[in-house]
Peer 1: 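I have a structure I would like to understand better, so I am pasting it below and will then ask my questions one at a time.
What you see below is based on every heavy atom in this structure, not just the backbone, and it leaves out hydrogens, waters and symmetry mates. Both ligands and their constituent atoms are indexed starting at 1 by order of listing.
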Amino acid sequence: MTGMKAAGAVTLGEVTYGYSYNRPVIEGVNLSIAAGSFVGILGPSGSGKTTLLKVIAGLVKPWHGSVDLERGRKIGYVPQVESVDWNFPVTVKEVVSMGVWNSSGRGPWIGSAAGEAIMRVLESLGIGDYASRQISELSGGEQQRVFLARAMIRSPDVLVLDEPTSGVDHATREAILGVLGELNQKGVTVILTTHDISGVARRLPWVVCMNRRIISQGRPADILTNENLLATYGLVVDTEGGR
Ligand SMILES: Nc1ncnc2c1ncn2[C@@H]1O[C@H](COP(=O)(O)OP(=O)(O)OP(=O)(O)O)[C@@H](O)[C@H]1O
């Protein structure tokens with residue numbers, strides 16, 4: 001896809017970023033993600049996956065290198081649930097409405113059209129009944145779906161998700177993967193990180209292994225080999241699952 005900028009394509013060139021002077025946590029990252037891709041990013045803890053997603057989503061600016069997304073395309077970012085502190089009172093509907101503040105430019109008042117759109121998204125994720133509940137009362141898997149709803153309400157061209165299936169049960173994982181698969185079928189580029197090799201990564205069309213740098217990428221059957229996993233994680237992982 002080089003040289004071609006289809007909707008929702010993301011291209012990183014020689015991207016380096018870190019949090020303290022002279023200590024990059026991702027370095028020289030070159031990555032081309034074609035529009036309409038469904039990509040899983042794998043790597044051990046601390047390998048820079050979240051950082052890479054933040055660079056892609058434009059939340060941080062790389063020290064060096066380029067991040068290209070076609071002008072006017074929208075990126076939705078779904079953070080890791082554990083990274084968010086919901087100790088203040090806010091309902092599910094209010095959290096999702098944050099996704100439309102930017103476009104309405106009017107603050108947290110939900111018009112009836114936006115309200116209906118929010119309910120449609122919540123229902124598509126099976127959490128319509130929770131609209132008026134406090135977010136702090138929900139389980140991790142339910143909160144995960146609320147964040148997904150907040151990103152989906154903006155109809156993004158690219159959806160970037162940080163470990164969307166971590167800490168959820170089997171049924172929730174399948175529900176989340178199902179929703180992401182449907183969005184991808186509609187043309188949304190989906191980029192997620194995961195630690196779940198057999199339950200998630202093996203089922204995606206394309207995976208990228210990273211550890212500060214990109215180590216390998218390709219179809220899971222070609223990439224999730226013991227040799228590559230050893231290079232990425234420093235150990236051989238039981239990829240056959242047995243879950
Ligand atoms: N806000 C921050 N300030 C300082 N250092 C940070 C910050 N965020 C991440 N780091 C450091 O950058 C490195 C990469 O972190 P990152 O969260 O990108 O890794 P990760 O691959 O997503 O890890 P995990 O799988 O555990 O979520 C780690 O060493 C981490 O400690």
Peer 1: Please confirm whether Lys54 approaches ligand 1 to less than 4.0 Å, judged on its heavy atoms.
Peer 2: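 No, Lys54 has no heavy atoms under 4.0 Å from ligand 1.
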
Peer 1: Just jot down the ligand 1 atoms closer than 4.0 angstrom to any heavy atom of Pro44, in number order.
Peer 2: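 Atoms satisfying the 4.0 Å criterion: 21 (O).
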
Peer 1: Got a protein heavy atom sitting under 4.0 Å from atom 19 (O) of ligand 1?
Peer 2: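 For atom 19 (O) of ligand 1 the answer is yes, since some protein heavy atom falls inside 4.0 Å.
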
Peer 1: If you measure every N or O of Gly48 against every N or O of ligand 1, does any of those distances drop under 3.5 Å?
Peer 2: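 It does: an N or O of Gly48 is found under 3.5 Å from an N or O of ligand 1.
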
Peer 1: Counting heavy atoms only, name the option from Pro24, Gly46, Ser166 that's nearest to atom 14 (C) of ligand 1.
Peer 2: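 The option holding the nearest heavy atom is Gly46.
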
Peer 1: Report yes or no: does a heavy atom of His195 sit under 4.0 Å from some atom of ligand 1?
Peer 2: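 It does, in that a heavy atom of His195 comes within the 4.0 Å cut-off of ligand 1.
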
Peer 1: Considering only protein heavy atoms, which is closest to atom 15 (O) of ligand 1, and at what distance to one decimal place?
Peer 2: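 Heavy-atom neighbour on the protein nearest atom 15 (O) of ligand 1: Thr51 OG1, 3.9 Å.
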
Peer 1: Indicate yes or no: does an N/O atom of Val25 lie under 3.5 Å from an N/O atom of ligand 1?
Peer 2: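 Among all N and O atoms of Val25, none is under 3.5 Å from an N or O of ligand 1.
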
Peer 1: Looking at every heavy atom in both Ala57 and Tyr77, which two are closest together, and how far apart are they?
Peer 2: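 Nearest pair, atom of Ala57 first, then Tyr77: CB-CD1, 4.0 Å.
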
Peer 1: At their closest point, which heavy atom of Leu180 faces which heavy atom of Pro164, and how far apart are they?
Peer 2: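 For Leu180 versus Pro164, the nearest heavy atoms are CD1-CG, 4.5 Å.
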
Peer 1: Considering only the protein, which heavy-atom contact is closest to atom 27 (O) of ligand 1, and what is its distance?
Peer 2: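 Protein heavy atom with the smallest distance to atom 27 (O) of ligand 1: Glu163 OE2, 3.4 Å.
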
Peer 1: So if you build clusters from Ile, Leu, Val, Met, Phe, Trp, Tyr with side-chain heavy-atom gaps below 4.5 Å, do Val29 and Ile215 land together?
Peer 2: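 Unlinked, Val29 and Ile215 end up in two clusters.
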
Peer 1: Does atom 30 (C) of ligand 1 have any protein heavy atom closer than 4.0 Å?
Peer 2: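 No, there is none.
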
Peer 1: Do Asn211 and Pro44 touch side chain to side chain, with heavy atoms closer than 4.5 Å?
Peer 2: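 Counting from C-beta outward, Asn211 and Pro44 do come under 4.5 Å.
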
Peer 1: Atom CG in Asp68, atom OG in Ser32: separation rounded to 0.5 Å?
Peer 2: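 Nearest 0.5 Å value for the CG-OG distance: 9.0 Å.
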
Peer 1: Report yes if the side chains of Arg73 and Thr189 come closer than 4.5 Å at any heavy-atom pair, otherwise no.
Peer 2: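 No, too far: nothing below the 4.5 Å cut-off.
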
Peer 1: Please report the interatomic distance CD(Gln217) to CE(Met210), rounded to the nearest 0.5 Å.
Peer 2: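 That separation rounds to 11.5 Å.
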
Peer 1: To which protein heavy atom is atom 17 (O) of ligand 1 closest, and what is the distance rounded to 0.1 Å?
Peer 2: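 Checked against all protein heavy atoms, atom 17 (O) of ligand 1 sits closest to Thr50 CB, 3.5 Å.
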
Peer 1: Specify the protein heavy atom at minimum distance from atom 9 (C) of ligand 1: its residue, its atom name, and the distance to 0.1 Å.
Peer 2: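 Checking every protein heavy atom, the shortest distance to atom 9 (C) of ligand 1 gives Tyr19 CE1, 3.3 Å.
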
Peer 1: Just to confirm my output: which protein heavy-atom neighbour is closest to atom 26 (O) of ligand 1, and how far is it?
Peer 2: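 Protein heavy atom at minimum distance: Ser45 OG, 3.0 Å.
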
Peer 1: Are any of the side-chain heavy atoms of Val179 and Arg145 separated by less than 4.5 Å?
Peer 2: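 No; the side chains remain at least 4.5 Å from each other.
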
Peer 1: Write down the atom of Cys209, the atom of Leu224, and the distance for their closest heavy-atom approach.
Peer 2: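 That would be SG-CD2, 4.5 Å.
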
Peer 1: Nearest 0.5 angstrom please: Lys49 NZ to Arg212 CZ, how far?
Peer 2: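 So the gap between those two atoms works out to 14.5 Å.
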
Peer 1: Nearest non-hydrogen atom to atom 25 (O) of ligand 1 belongs to which of Gln80, Lys49, Arg212?
Peer 2: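 The nearest heavy atom belongs to Lys49.
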
Peer 1: Hey, is Ser20 touching ligand 1 through its side chain, its backbone, both or neither, going by heavy atoms under 4.0 Å?
Peer 2: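 The answer is neither; Ser20 stays 4.0 Å or more away.
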
